[in-house]
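The structure appears below as structure tokens.
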Amino acid sequence: MRLTQLVTKTLREDPPEAETASHRLMLRSGLIYQVAAGVYAYLPLAWRSLRKIENIIREEMDAAGGQELMMPALQPRELWEQTGRADSMGEVLFSMEDRRGRPMVLAPTHEEVVTSIVRANVQSYRDLPVILYQIQTKFRDEPRPRAGLVRVREFDMKDAYSFNADDDSLDDSYQAMAQAYRSIYRRCSLPVLMAEADSGAIGGKDSHEFLLATPTGEDTVITCRGCGYTANAEKAEGVYPEQEAASELPLETVDTPGVKTIAALADFLGVATSQTLKAVFYAADEEVVFVTVRGDLEVNEVKLKNSLHCNDLRLATDEEVKEAGLVAGSASPIGITQVRRVADPSITQGSNFVVGANQPDTHYRNANYPRDFEVDILTDIALAQPGHLCPRCGTPLEATRGVEVGHIFKLGTSYSEALGAMYLDQEGQQHPITMGCYGIGVGRLLAAAVEQNHDERGIVFPAPIAPYQVHLVGLNLTDEAVAIAADKLYRELWDSGIETLYDDRPDQAAGVKLNDADLMGLPLRLVVSPRNLRNNAAEMKGRTEEEATMVSLEDVAGEVRSFLQSA
RNA sequence: CGGGGUGUAGCGCAGUGGCUAGCGCGCUUCGUUCGGGACGAAGAGGUCGGAGGUUCGAAUCCUCUCACCCCGACCA
């Protein structure tokens with residue numbers, strides 16, 4: 001490709017709206033163009049890179065036994081009503097009517113359709129297992145798109161679905177997919193973490209996310225250096241420091257004028273925060289719920305949501321709290337019966353806690369569970385935090401931010417039951433097919449690769465996903481001899497099967513060209529110039545190398561090939 | 001949805017009631033340059049996001065509205 005013919009231009013300045021490296025660099029290097037919030041065009045360079053990523057994914061999916069197919073993005077809303085997701089997905093689901101007034105959706109994912117396909121084509125255990133996948137555009141009307149291709153409303157996703165007779169078979173498919181994912185990330189130079197993840201309201205038992213650690217990530221990952229335990233903070237368990245149990249003292253009232261927060265309370269009374277209990281009020285599907293954790297811990301809202309089996313969970317408003325007869329700032333479960341109470345087992349780790357007295361400016365000392373109060377649900381709802389101990393090996397946990405670049409789920413039979421996808425076993429008994437699903441955001445994978453592989457000068461493309469392998473720079477192309485030599489080299493490289501981007505702009509200064517080459521980040525740079533030509537040579541430099549080496553013009557193709565093979 | 005911002009040339013920005021709306025980059029033409037973002041000269045390029053209003057006069061003031069960005073909420 002000749003740069004003079006490439007439509008897209010690089011930007012001299014950083015786009016001010018781009019906060020993350022991948023967003024900034026993808027805009028600056030002319031990879032993407034924004035059309036609307038969370039809607040991007042992939043420009044020619046990005047599209048070449050994305051096609052390479054897709055092909056890597058295809059090779060690994062096929063090797064793991066997947067069959068590629070293509071399902072429609074446009075689907076009847078009725079199908080989504082059968083699984084209940086027309087409601088549960090809410091406004092994320094792009095909805096419209098066709099010309100006859102039939103409700104339609106743009107699919108955010110494809111469980112419904114793929115299950116319908118399998119229902120029509122699989123009747124016997126002999127037909128199982130199968131893994132189907134596609135690479136296709138998804139539509140999700142996200143509340144807040146952000147960070148370039150990291151969170152968008154239209155994106156290409158590889159989604160795979162496994163259909164198995166039983167859980168053992170599902171385990172096999174799940175492991176095969178997990179292994180394929182690891183290979184995909186390795187080939188894209190992405191050192192990912194595989195983390196235990198929450199499977200969501202409809203999910204089955206197991207779920208793992210693949211995350212790239214980066215400070216700009218949207219997720220928090222809890223990791224253990226000791227045993228390798230890795231989990232999304234939404235899911236992670238931690239062992240918090242135990243409080244010594246003491247003999248229970250009598251409950252007594254203490255005046256705490258103006259004290260509203262745990263920190264202020266602990267400070268005011270001169271006790272550790274872990275010696276207090278924290279009250280938090282939520283609205284679970286509009287029902288006010290009283291939540292209690294030990295004062296030094298935070299509520300994990302995902303765990304709480306799962307324990308309540310609700311669709312919607314948010315903090316209760318001040319009005320709702322007041323209406324429920326609760327005293328914000330001085331609340332405790334003692335004497336509370338009008339709302340459901342949920343507590344974390346941490347309230348049993350210790351004794352003689354300071355808690356609210358359910359009257360303004362007043363607390364109790366020496367509250368003990370269950371002597372002084374009961375709860376309706378006692379279950380793990382604490383957020384694991386760095387410093388807590390690993391539940392497996394006891395090593396202090398660490399936290400890191402990450403971008404999710406893949407997610408795999410064991411779905412179980414919820415979709416096959418909702419849509420009637422059944423098979424007959426050897427005894428002629430009918431069973432719902434057990435399912436798993438496996439997703440990779442292709443564009444997000446590219447963004448993650450850029451996020452992971454860049455320096456202060458620009459992108460450092462991993463060779464397997466670089467749009468071109470070689471960036472050929474011609475300096476002083478108004479010098480006819482140089483232009484002839486550079487053009488000749490360009491043709492030779494392509495004739496040797498080496499994908500080459502040729503900066504053939506005749507009127508640009510050397511600095512502009514070299515900076516653009518660094519910004520675009522192709523693995524290998526070749527420079528043809530009057531100076532080099534006097535030695536009948538070109539200059540060769542890897543993107544990450546400091547010094548260039550001189551290569552005789554006759555040897556360039558061979559040298560390039562050996563460089564790329566070792567890259 | 002809550003909070004904070006921004007919309008003026010392809011890009012980045014200045015311009016708080018008064019002449020023909022500017023600056024830098026980029027773009028076109030000519031010339032000089034030529035190894036890390038050159039120089040000179042001459043040019044092209046604008047319904048100032050949109051609608052309504054106030055005014056002799058609006059990019060500028062008012063009302064409404066749309067879009068986009070950032071933080072949060074949300075988020076298979």
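Computed from a predicted model, the values in this text were never measured in an experiment. The sequence lines fix the lettering, A, B, ..., with proteins before strands; numbering per chain opens at 1.
- The nearest whole Å value for the distance from the CD atom in E142(A) to the P atom in C1(B) is 16 Å.
- Between the side chain of R151(A) and the base of C75(B) there is at least one donor-acceptor pair of N/O atoms closer than 3.5 Å.
- Rounded to whole angstrom, the span from the CD atom of Q34(A) across to the P atom of C70(B) amounts to 8 Å.
- Here the C1' atom of nucleotide G72(B) and the CD atom of E218(A) are 13 Å apart, to the nearest Å.
- For E91(A) and A73(B), the CD to C1' distance is 14 Å, given to the nearest whole Å.
- A salt bridge links R85(A) with E112(A): at least one charged nitrogen is closer than 4.0 Å to a carboxylate oxygen.
- For RNA chain B, the residues of residues 471-479 of chain A within the heavy-atom distance limit of 4.0 Å (strictly under) are L475(A), N476(A), T478(A), sorted by number.
- Pairs of residues two or more places apart, or lying in two chains, that qualify as side chain to side chain donor-acceptor pair (under 3.5 Å) and include a residue from residues 24-47 of chain A are D14(A)-R28(A), H23(A)-Y40(A).
- In the set C70(B), G37(B), A73(B), the nucleotide with an atom closest to the side chain of R146(A) is C70(B).
- The residue among E19(A) and E234(A) whose nearest nucleotide of RNA chain B is located toward the 5' end is E19(A).
- Ranking C70(B), C69(B), G36(B) by closeness to the A510(A) side chain, first place goes to G36(B).
- The closest side-chain donor-acceptor pair between D504(A) and Y490(A), if any, does not fall under 3.5 angstrom.
- Near RNA chain B, defined here as any heavy-atom distance below 4.0 Å, the residues from residues 11-18 of chain A are R12(A), E13(A), P16(A), E17(A), listed numerically.
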side-chain hydrogen bond (donor to acceptor under 3.5 Å, both in side chains) between R401(A) and T214(A): does it pass, once the steps are laid out?
CA-CA 6 Å; R401(A) 301 286 286 179; T214(A) 163; over 6 Å; no

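- In summary, the side chains of Y282(A) and E301(A) do present a donor paired with an acceptor at a separation below 3.5 Å, with no hydrogens or angles considered.
- Rounded to a whole angstrom, the distance from the P atom of G50(B) to that of A59(B) is 11 Å.
- One N or O donor and one acceptor, one from the side chain of R28(A) and one from the base of G37(B), sit under 3.5 Å apart.
- Here G36(B) is the nucleotide among G36(B), C68(B), G37(B) with the atom lying nearest to any side-chain atom of L514(A).
- Under the Watson-Crick and G-U wobble criteria, each requiring two contacts below 3.5 Å, nucleotide U32(B) is paired to A38(B).
- Using a 4.0 Å heavy-atom distance criterion, V512(A) is classed as a base contact.
- When heavy atoms are screened at a 4.0 angstrom cut-off, E111(A) is found touching base atoms of the nucleic acid.
- Across H407(A) and Y181(A), no two heavy atoms sit closer than the pair N-CE2, 4.3 Å.
- Rounded to whole Å, the separation between the P atoms of A41(B) and C23(B) comes to 14 Å.
- Searching all strands for a Watson-Crick or G-U wobble partner of C19(B) with both distances below 3.5 Å returns nothing.
- Nearest-nucleotide positions on RNA chain B place R531(A) closer to the 5' end than the other of H407(A) and R531(A).
- In this structure, a donor-acceptor pair under 3.5 Å is absent between the side chains of H454(A) and E451(A).
- Residue contacts shown for A36(A) are limited to sugar-phosphate atoms, with no base heavy atom under 4.0 Å away.
- Judged as a side-chain hydrogen bond (donor to acceptor under 3.5 Å, both in side chains), and not counting sequence neighbours, the contacts of D503(A) are R505(A).
- Taking atom P in both C71(B) and C30(B), the straight-line distance is 47 Å, to the nearest Å.
- A donor and an acceptor atom never sit less than 3.5 Å apart when one is taken from the side chain of R144(A) and the other from the base of G2(B).
- Only at 4.0 angstrom or more do the heavy atoms of residues 433-449 of chain A sit from any atom of RNA chain B, so none qualifies.
- Here E154(A) does not pair with K138(A) in a salt bridge; the nearest charged N to carboxylate O distance is not below 4.0 Å.
- The pairing partner recorded for C64(B) is G50(B), the criterion being a Watson-Crick or G-U wobble arrangement whose two distances lie under 3.5 angstrom.
- No hydrogens or angles considered: nothing links the side chains of E111(A) and T115(A) as a donor-acceptor pair under 3.5 Å.
- For the residue pair Q134(A) and D159(A), a side-chain donor N or O sits within less than 3.5 Å of a side-chain acceptor on the partner.
- On the P atoms, C61(B) is 23 Å away from A67(B), given to the nearest whole Å.
- Protein atom CE of M89(A) is 9 Å distant from nucleotide atom C1' of C75(B), rounded to whole Å.
- Applying the salt bridge (Lys or Arg N to Asp or Glu O under 4.0 Å) test to K488(A) and every residue at least two apart in sequence or in another chain returns E492(A).
- Going from the P atom of G37(B) to that of C74(B) covers 48 Å, rounded to whole Å.
- Between K541(A) and E547(A) there is no salt bridge, since no side-chain N of the basic residue sits under 4.0 Å from a carboxylate O of the acidic one.
- R24(A) comes within 4.0 angstrom of no nucleic acid atom, judged by non-hydrogen atoms across all strands.
- Put simply, CG on L27(A) is 12 Å from C1' on C11(B), counting in whole angstrom units.
- Counting non-hydrogen atoms of neighbouring residues, nucleotides and ligands closer than 6.0 angstrom, the CD atom of E17(A) exceeds 12 such neighbours.
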